[in-house]
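These values consider heavy atoms only, across backbone and side chains, with no hydrogens, waters or symmetry-generated copies.
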Amino acid sequence: MRTLIIQLPPGPAGPATVYPHALVQPERETASVRLQWSGITLLPSADRQTEVLVLLPAACLSWHRVELPPGLHKQASRLQAALQGLLEDRLLDDPAQLHMALQTGWKDLPQPWVGVCQRQWLREHLQALEQVGLQVHRIVPEIAPGKAPLQLLALGDAPSGWLWAAHPERGVWGMPLEPLRTLAERFGLSPQALQSAQLLAESAVVGPITEALGRPAQLMPPGQHWLQAVASDWDLAQFDFRANAQARYLKQGQKGLSTLWNSPAWRPTRWALGLLLLSQLVGLNAWAWKTRANWQAEEQSWARMLKDSFPQTQLVVDAPVQMAREVERLQQNSGQLGPADLETMLAALGQALPAGTAAPRQWAYQNGQLRLQGFQAGASEPSALKTALQARGYLLTPEGEGWLMSVTPAKESTP
């Protein structure tokens, strides 16, 4: 799935505002960022296979750690007011004019991070993007408190570049690269920390930052740190900016499926799933073939038995049913009673009646069916009688105020 990353400029939204952006596919191993700049009306369009991410510049965010009151996660309606109260003394602006977003998984953290930016500035840019048909699915910070001990990023060019630091305990902070002579002393880090930190720098500032800090910097293509921001679990679209949350969740699900389908890291899993499905398909076909072969063998066995017992049979359609009919015909011709005769049914009923149960006062027989009237039985006796008759090949079903006793129909064979 493609990802359209749009970085918001620090200034207000307007027709002449220029937006840095890039269209990337982060799930590829060779993913890279190709930065472009254009007005809002010339931004790339987004289809269903494109996730739109808004990137908030590091200079537009401030970071604060808070200790939330216990049980606040159960009262979501009070969360925003609680954050405003906790950060009121640390902020220069009125908290009601600022947008605050909590770190992902804040419920399980003793002191989660909170990102703060101007509410009206963010709202104007998001509305401008919506007006040109770009629905934002996620809002991420350009630089957030990282998990590594310390990461330094030198961004921009020599005259206007900045050096940014991301620390898991101290948050995110930065300062201009000029003047270079006093940069190391004023950055607030010990010489040991500066030497051990991971130092990444864009091509325009590799030389100046190396000279200022006295250590080599790893070259980073312009905008390459955007991929790290996209890969983080941060989402600043909280509280008032949670509109279209369902669309964001759907896009995240599509992105996950796309990653599973295309990412090289998931290739072994895809092969395993494919082999599993193939083995299941082969197993089902083998089971179906075996079942059909057993059924055909049983059908042929019934057919041979029918022809051996009754040689006059010319066509075998349903061997068990035809066998039962031939046996019934032989019984009738020899004068033997069949299961559908009155005497046989009465004998089976007498044997199946529970002890102490009076026989029915009225009964009527017609075409192999025995209707019983005036049959008095307890609540549990009809069930016991049904079971006993069923064992003898008969069915007992209620019919109006009486009962109907009939021969259990023969089951036709099916493939």
Side-chain angles (χ1 to χ4, degrees), residues 276-415:
L276 178 62
L277 293 176
L278 181 61
S279 63
Q280 292 293 324
L281 182 61
V282 172
L284 287 175
N285 280 278
W287 175 79
W289 176 83
K290 180 63 176 176
T291 302
R292 185 172 182 83
N294 293 339
W295 170 76
Q296 290 177 346
E298 184 178 357
E299 189 178 50
Q300 293 173 1
S301 175
W302 276 100
R304 287 194 301 268
M305 186 184 301
L306 175 62
K307 289 187 176 181
D308 292 343
S309 303
F310 303 97
Q312 71 276 10
T313 304
Q314 300 295 327
L315 178 63
V316 179
V317 179
D318 194 330
V321 175
Q322 291 177 267
M323 179 79 74
R325 291 175 181 173
E326 292 295 338
V327 172
E328 184 179 0
R329 187 178 297 111
L330 285 178
Q331 291 177 344
Q332 291 177 354
N333 293 337
S334 62
Q336 295 182 4
L337 296 177
D341 292 331
L342 174 62
E343 293 83 349
T344 306
M345 297 181 72
L346 289 176
L349 177 62
Q351 295 174 1
L353 282 174
T357 303
R361 294 190 296 270
Q362 298 179 2
W363 51 267
Y365 174 81
Q366 184 178 6
N367 297 330
Q369 293 182 337
L370 184 61
R371 289 176 172 81
L372 309 175
Q373 297 289 336
F375 177 68
Q376 302 293 334
S380 61
E381 292 175 358
S383 177
L385 181 58
K386 288 181 183 180
T387 303
L389 288 175
Q390 187 176 4
R392 291 171 172 79
Y394 294 96
L395 291 178
L396 184 65
T397 56
E399 186 182 60
E401 298 181 355
W403 298 83
L404 176 64
M405 179 179 172
S406 58
V407 179
T408 302
K411 296 182 180 180
E412 297 184 359
S413 61
T414 57

At what distance, to the nearest 0.5 angstrom, does CE of M323 lie from OG of S309?
4.5 Å

Listed by chain and number, what are the side-chain hydrogen bond (donor to acceptor under 3.5 Å, both in side chains) partners of R392, not counting sequence neighbours?
Q351

When rounded to the nearest 0.5 angstrom, what is the spacing between CH2 in W289 and CG in N294?
8.5 Å

Check side-chain contact (heavy atoms from CB on, under 4.5 Å) between Q366 and all other residues, then give those that pass, not counting sequence neighbours.
none

List the atom of A303, the atom of A319, and the distance in Å for their closest heavy-atom pair.
N-CB, 3.9 Å

In this structure, are over 12 heavy atoms from other groups packed under 6.0 Å from Q296 atom CD?
yes

Which residues share a salt bridge (Lys or Arg N to Asp or Glu O under 4.0 Å) with E399, sequence neighbours left out:
R371

Do the non-hydrogen side-chain atoms of K386 and W403 ever get within less than 4.5 Å of each other?
yes

Drop me the distance from Q390's CD to L395's CG, to the nearest 0.5 angstrom.
6.5 Å

Do you know the tightest heavy-atom contact between Q322 and L315?
NE2-O, 3.0 Å

Give the minimum heavy-atom separation between L389 and A352, together with the two atoms involved.
CD2-CB, 3.6 Å

V407 and Y394: which non-hydrogen atoms are nearest, and at how many Å?
CG2-CE2, 3.8 Å

For L278, enumerate each residue passing the side-chain contact (heavy atoms from CB on, under 4.5 Å) test, keeping only those at least two apart in sequence or located in another chain.
V282

Pairs meeting criterion salt bridge (charged side-chain N to carboxylate O under 4.0 Å, His left out) with involvement of residues 344-358, two or more places apart:
none

For Q280, what residues pass the side-chain contact (heavy atoms from CB on, under 4.5 Å) criterion, not counting sequence neighbours?
L276

Keeping the roles fixed (side chain from S301, backbone from A297), state whether a donor-acceptor pair exists under 3.5 Å.
no

K307 NZ to W302 CH2 distance, which is reported to the nearest 0.5 Å:
15.5 Å

Which atoms form the tightest heavy-atom contact between L370 and M345, and what is the distance?
CB-CE, 3.8 Å

So, taking the atom named CG in L349 and the one named OG1 in T344, what distance separates them when rounded to the nearest 0.5 Å?
12.5 Å

